[in-house]
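Atoms considered below: every heavy atom in the structure, side chains included; atoms not considered: hydrogens, waters and symmetry mates. The first residue in the sequence is number 1, and the count goes up from there.
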Amino acid sequence: MPIIVNLDVMMAKRKMSLNELSEKVDITLANLSILKTGKAKAIRFSTLESICKALDCQPGDLLEYGTENTERT
C-alpha cells in the first residue's frame, strides 16, 4: 500500500509507549498495533484527530504517500 504510517516515529519522538498512547486515545492495543505496523486498511478521522492531539502532531506527520518501492517493511 502506498500510504506509509509513521506512528512509531512520532511515538519515539514524543517518548510515548504504545500502552500510554492507547490509554490517552482510548483505542485498544491491538488496533493501535495494526495501525503502527501499517496493516490498517482505514482510519477514522476521529481516531486520527485523537492520535494527533495525544502526540501533538499533524496528520502529515503520521501519514505519507509513497510508491510501492519506498514502502517500509
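Remark: I4 CD1 to Y65 OH distance equals 10.0 Å, nearest 0.5 Å. The structure places NZ of K13 at 11.0 Å from CG of D8, a figure rounded to the nearest 0.5 Å.
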Let me have the donor-acceptor pairs involving side chains of residues 46-64, under 3.5 Å, with sequence neighbours excluded, atom names and distances please.
unit_1 : atom_1 : unit_2 : atom_2 : d
S50    : OG     : S46    : O      : 3.0
D61    : OD2    : Q58    : N      : 2.8
E64    : OE1    : N6     : ND2    : 2.7

Got a list of side-chain donor-acceptor pairs under 3.5 Å for residues 23-31, not counting sequence neighbours?
unit_1 : atom_1 : unit_2 : atom_2 : d
T28    : OG1    : N31    : N      : 3.1
T28    : OG1    : N31    : ND2    : 3.3

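G38 and V5 make their closest contact through CA-CG2, 4.3 Å (heavy atoms, listed as atom of the first residue, atom of the second, distance).
Taken together through direct or relayed side-chain contacts under 4.5 Å among Ile, Leu, Val, Met, Phe, Trp and Tyr, I34 and M16 form parts of separate hydrophobic clusters.
In this structure a side-chain-to-backbone donor-acceptor pair under 3.5 Å is present from T37 to S33.
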